[in-house]
Amino acid sequence: MGAQLRVYKRRIKSVTATKKITKAMEMIAASRIVKAQRQVAASTPYATELTRAVTAVATGSNTKHSLTTEVDAPVRAAILLITSDRGLAGGYSANAIKAAEQLTERLRGEGKEVDTYIVGRKGVSYYGFRERKVTESWTGFTDSPTYADAKNVAGPLIEAVQRETAEGGVDELHIVFTEFISMLTQTPVQNRLLPLSLEKAAEESTGTSAASAAGKGEILPLFDFEPSAEDVLDALLPRYVESRIYNALLQAAASKHAATRRAMKSATDNAGELIKSLSRLANAARQAEITQEISEIVGGANALADATAGSDK
């Protein structure tokens with residue numbers, strides 16, 4: 001076997017092994033997407049109902065609370081960026097980081113200081129390599145987050161919202177994650193968690209804003225709060241933030257698995273095409289070797305025949 005043919009054989013063997021790995025990773029990601037989708041579907045109603053409850057308390061009272069009250073001149077904002085712990089997912093983490101960078105620039109353009117909180121090793125590595133300050137980070141659970149993970153993430157953020165800005169607190173809380181729309185579409189989104197926009201929250205939870213309901217002559221309910229509306233909002237604040245972060249973590253996990261599946265399928269298809277190309281080159285090299293051997297045999301036979309004919313003379 002010629003040297004060129006041996007090179008092609010080694011490359012075909014190597015690419016075939018890679019193809020098996022990427023195919024297995026594609027199948028694993030596909031199986032995880034189903035579980036992640038079920039978790040997203042299960043968590044969404046709770047987050048929606050909790051938002052509806054917060055909206056009802058806020059619209060049914062005149063209490064000023066950090067959950068619903070806009071600050072006249074906000075000076076500091078917090079951004080929670082959700083990325084992945086691992087790669088092999090195409091541009092999943094890069095797109096989320098890009099969206100967070102755009103949000104950071106916009107907030108700074110409005111004159112606000114920005115504190116960055118990050119979930120996922122990819123985001124931590126990105127900011128660490130560029131020596132950018134990260135207030136707090138969490139890793140190790142992005143593929144399969146639990147509600148306990150969401151509570152751990154939400155804790156420091158809730159404390160920052162409840163503190164005064166002079167003591168390191170924040171006036172606004174934003175979250176950047178990748179929303180799972182379908183198996184083929186996952187979109188990075190920027191949402192403001194706090195202060196809660198009552199009009200937007202009402203539209204999300206009921207499909208109708210308070211202003212439009214009043215315009216249609218609908219009677220809005222009256223509420224009595226015990227012990228007080230402020231105490232109710234204090235109790236709902238951590239639940240609201242935790243539920244929203246948990247839903248975002250699940251959306252991001254489903255998006256990551258979908259991106260991994262798509263990337264691994266593309267890698268598997270490319271490996272198959274490369275194997276076909278290398279096989280054609282190997283066949284051509286083998287044919288060239290056979291042709292050369294035949295030529296050498298024919299040439300040797302002709303030389304032997306000429307030598308025999310010369311000796312006969």
Side-chain angles (χ1 to χ4, degrees), residues 51 54-55 57-59 61-83 93-120 122-138 150 153-179 187-204 209-211 230 233-234 236-238 240-245 247-249 251-252:
T51 303
V54 172
T55 305
V57 176
T59 55
S61 68
N62 296 322
T63 302
K64 291 186 177 181
H65 194 274
S66 59
L67 182 59
T68 58
T69 304
E70 296 274 356
V71 178
D72 293 335
V75 296
R76 185 186 294 271
I79 296 178
L80 174 62
L81 168 62
I82 300 178
T83 61
S93 293
N95 292 335
I97 291 172
K98 183 179 179 181
E101 293 279 77
Q102 292 172 349
L103 177 59
T104 300
E105 291 179 6
R106 179 172 64 81
L107 293 175
R108 286 176 177 166
E110 296 173 358
K112 302 171 186 173
E113 297 182 23
V114 177
D115 292 342
T116 304
Y117 297 78
I118 299 178
V119 174
K122 287 298 178 180
V124 173
S125 299
Y126 177 88
Y127 279 77
F129 180 77
R130 289 158 181 78
E131 298 181 352
R132 297 182 183 177
K133 181 182 177 182
V134 175
T135 305
E136 197 158 347
S137 62
W138 301 266
V153 174
L157 294 169
I158 294 171
E159 291 177 5
V161 171
Q162 293 175 334
R163 286 198 305 266
E164 296 293 333
T165 53
E167 300 174 356
V170 298
D171 299 315
E172 297 177 357
L173 172 59
H174 300 260
I175 184 170
V176 178
F177 66 98
T178 306
E179 183 181 13
T187 306
V189 294
Q190 308 167 359
N191 288 341
R192 192 183 76 175
L193 294 185
L194 298 175
L196 177 64
S197 175
L198 298 181
E199 286 293 322
K200 183 177 180 181
E203 290 178 3
E204 288 180 354
S209 66
E230 185 175 359
L233 287 173
D234 285 338
L236 289 177
L237 172 61
Y240 167 75
V241 175
E242 289 166 7
S243 66
R244 283 300 178 182
I245 290 177
N247 186 262
L249 288 171
Q251 294 261 8

Peer 1: What I'd like to find out is whether the side chain of L103 reaches to under 4.5 Å of the side chain of L81, using heavy atoms alone.
Peer 2: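 No, their side chains stay 4.5 Å or more apart.
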
Peer 1: Write down the atom of A154, the atom of V241, and the distance for their closest heavy-atom approach.
Peer 2: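 For A154 versus V241, the nearest heavy atoms are CB-CG1, 3.9 Å.
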
Peer 1: What is the minimum heavy-atom distance between Y240 and L193, and which atoms define it?
Peer 2: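 Here Y240 and L193 meet closest at OH-O, 3.2 Å.
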
Peer 1: Please name all residues satisfying side chain to side chain donor-acceptor pair (under 3.5 Å) with Y127, sequence neighbours left out, ordered by chain then number.
Peer 2: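 Side chain to side chain donor-acceptor pair (under 3.5 Å) check on Y127 returns E101.
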
Peer 1: Tell me every residue that passes side chain to side chain contact (heavy atoms under 4.5 Å, CB included) with E113, counting only those two or more places apart in sequence or in another chain.
Peer 2: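 For E113, the residues satisfying side chain to side chain contact (heavy atoms under 4.5 Å, CB included) (neighbours in sequence not counted) are R76.
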
Peer 1: My understanding is that only residues two or more places apart in sequence, or in another chain, count here; which of them pass side chain to side chain donor-acceptor pair (under 3.5 Å) with E136?
Peer 2: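 Here no residue qualifies.
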
Peer 1: Could you tell me which non-hydrogen atom of A96 sits nearest to which non-hydrogen atom of T178, and how far apart they are?
Peer 2: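 Minimum heavy-atom contact is CB-OG1, 4.0 Å.
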
Peer 1: I'd like to check the salt bridge (charged side-chain N to carboxylate O under 4.0 Å, His left out) partners of E172; sequence neighbours left out, ordered by chain and number.
Peer 2: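 Result, salt bridge (charged side-chain N to carboxylate O under 4.0 Å, His left out) vs E172: K112.
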
Peer 1: Going by salt bridge (Lys or Arg N to Asp or Glu O under 4.0 Å), name the pairs with one or both residues in residues 154-169, residues two or more places apart or in two chains.
Peer 2: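 Not a single pair qualifies under salt bridge (Lys or Arg N to Asp or Glu O under 4.0 Å).
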
Peer 1: Looking at Y117 and W138, would you say the former's side chain and the latter's main chain have a donor-acceptor pair under 3.5 Å?
Peer 2: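 Looks like no, no N/O pair under 3.5 Å.
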
Peer 1: Please report the C-alpha distance between V189 and Q251 in whole Å, then the side-chain angles of each, then the deciding distance to 0.1 Å, and finally whether the side chain to side chain contact (heavy atoms under 4.5 Å, CB included) criterion is met.
Peer 2: CA-CA 11 Å; V189 294; Q251 294 261 8; over 6 Å; no

Peer 1: Taking side chain to side chain contact (heavy atoms under 4.5 Å, CB included) as the definition, give me every residue that meets it alongside S125, ordered by chain and number, with sequence neighbours left out.
Peer 2: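 Counting only residues at least two positions away or on another chain, S125 forms no side chain to side chain contact (heavy atoms under 4.5 Å, CB included).
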
Peer 1: Checking side chain to side chain contact (heavy atoms under 4.5 Å, CB included) for the pair V124/V134: CA distance, chi angles, key distance, verdict?
Peer 2: CA-CA 8 Å; V124 173; V134 175; 5.8 Å; no

Peer 1: Run the side chain to side chain contact (heavy atoms under 4.5 Å, CB included) test on I82 and I175 for me, step by step, so that the C-alpha distance in whole Å, both residues' side-chain angles and the decisive distance to 0.1 Å come before the verdict.
Peer 2: CA-CA 8 Å; I82 300 178; I175 184 170; 4.0 Å; yes

Peer 1: Go through the structure and list residues passing salt bridge (charged side-chain N to carboxylate O under 4.0 Å, His left out) with R130, not counting sequence neighbours.
Peer 2: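 Listed in chain order: nothing, the list is empty.
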
Peer 1: So among L157, V114, I79, V161, which one has a side chain to side chain contact (heavy atoms under 4.5 Å, CB included) with V170?
Peer 2: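 Running side chain to side chain contact (heavy atoms under 4.5 Å, CB included) over L157, V114, I79, V161 with V170 returns exactly one hit, V161.
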
Peer 1: Considering non-hydrogen atoms only, spot the tightest contact between D171 and A73 and give its length.
Peer 2: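 Residues D171 and A73, closest heavy atoms: OD2-O, 4.5 Å.
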
Peer 1: For A99 and V176, work out which heavy atoms get closest and say how close.
Peer 2: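 Minimum heavy-atom separation between A99 and V176: CB-CG1, 3.9 Å.
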
Peer 1: Quick one: does any side-chain atom of R192 pair with a main-chain N or O of P195 as donor and acceptor, under 3.5 Å?
Peer 2: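 Yes: the side chain of R192 pairs with the backbone of P195.
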
Peer 1: Mind checking side chain to side chain donor-acceptor pair (under 3.5 Å) for N95 and listing every partner two or more places apart, or none if nothing turns up?
Peer 2: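 N95 satisfies side chain to side chain donor-acceptor pair (under 3.5 Å) with no residue once adjacent residues are dropped.
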
Peer 1: My understanding is that only residues two or more places apart in sequence, or in another chain, count here; which of them pass salt bridge (charged side-chain N to carboxylate O under 4.0 Å, His left out) with R108?
Peer 2: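 Not a single residue meets the salt bridge (charged side-chain N to carboxylate O under 4.0 Å, His left out) criterion with R108.
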
Peer 1: Between D115 and A78 (side chain of the first, backbone of the second, donor and acceptor by atom type, cut-off under 3.5 Å), is there such a pair?
Peer 2: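 Not confirmed, D115 side chain does not pair with A78 backbone.
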
Peer 1: Quick one: side chain to side chain contact (heavy atoms under 4.5 Å, CB included) partners of S93, sequence neighbours excluded?
Peer 2: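 Partners of S93 under the side chain to side chain contact (heavy atoms under 4.5 Å, CB included) test: T83, S84, K122.
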
Peer 1: What distance do L80 atom CG and R244 atom CZ have between them, rounded to the nearest 0.5 Å?
Peer 2: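 CZ of R244 is found 14.0 Å from CG of L80.
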
Peer 1: Measuring from N191:CG to F177:CZ, what's the distance to the nearest 0.5 Å?
Peer 2: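 Here the rounded value is 5.0 Å.
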
